[in-house]
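Below is one structure, written out as structure tokens, with a few remarks after it.
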Amino acid sequence: MGVALDPRLVGGVNPWLKPIKFDLSIVVYLWTMAWILAELPADYARRIARGMAATMILETLLIAMQAARGVKSHFN
């Protein structure tokens with residue numbers, strides 16, 4: 001929604017494209033990790049999954065915050 005409603009450009013690119021691309025890469029990463037964690041004992045896999053979820057949520061929030069501010073994010 002930000003891509004369609006926000007006319008700003010950061011470095012010639014809409015700032016909302018970075019969070020979208022990052023979220024798509026997170027989906028691929030989490031899909032792969034779910035497949036791998038299925039082979040581990042449930043308690044151990046659950047602790048790892050919670051840590052990954054917390055990390056991904058934090059990263060997504062930080063990148064979205066930078067997009068909302070209209071400034072360059074990391075790796076730009």
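Note that the coordinates shown come from a computational prediction; the quantities given were computed from them, not determined experimentally. Excluded from the calculations below are hydrogen atoms, water molecules and symmetry mates; all remaining heavy atoms, backbone and side chain alike, are included.
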Can you hop from [X] to [Y] via hydrophobic side chains spaced under 4.5 Å?
{"X": "W35", "Y": "V27", "value": "no"}
{"X": "L24", "Y": "V28", "value": "no"}
{"X": "F22", "Y": "Y29", "value": "yes"}
{"X": "L61", "Y": "M56", "value": "no"}
{"X": "M52", "Y": "I36", "value": "yes"}

Next on the checklist: Do I57 and T60 make a side-chain contact, defined as non-hydrogen atoms from C-beta onward lying under 4.5 Å apart?
Outcome noted: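 Contact flag for I57/T60 side chains = no.
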Checklist entry - Considering only heavy atoms from C-beta outward, does the side chain of I26 approach that of D23 to under 4.5 Å? => result yes
Checklist entry - How far apart are the closest heavy atoms of P19 and A64, and which atoms are they? => result CG-CA, 4.2 Å
Next on the checklist: What's the separation between atom CG in D43 and atom CD1 in I48, rounded to the nearest 0.5 Å?
Outcome noted: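 Nearest 0.5 Å value for the CG-CD1 distance: 11.0 Å.
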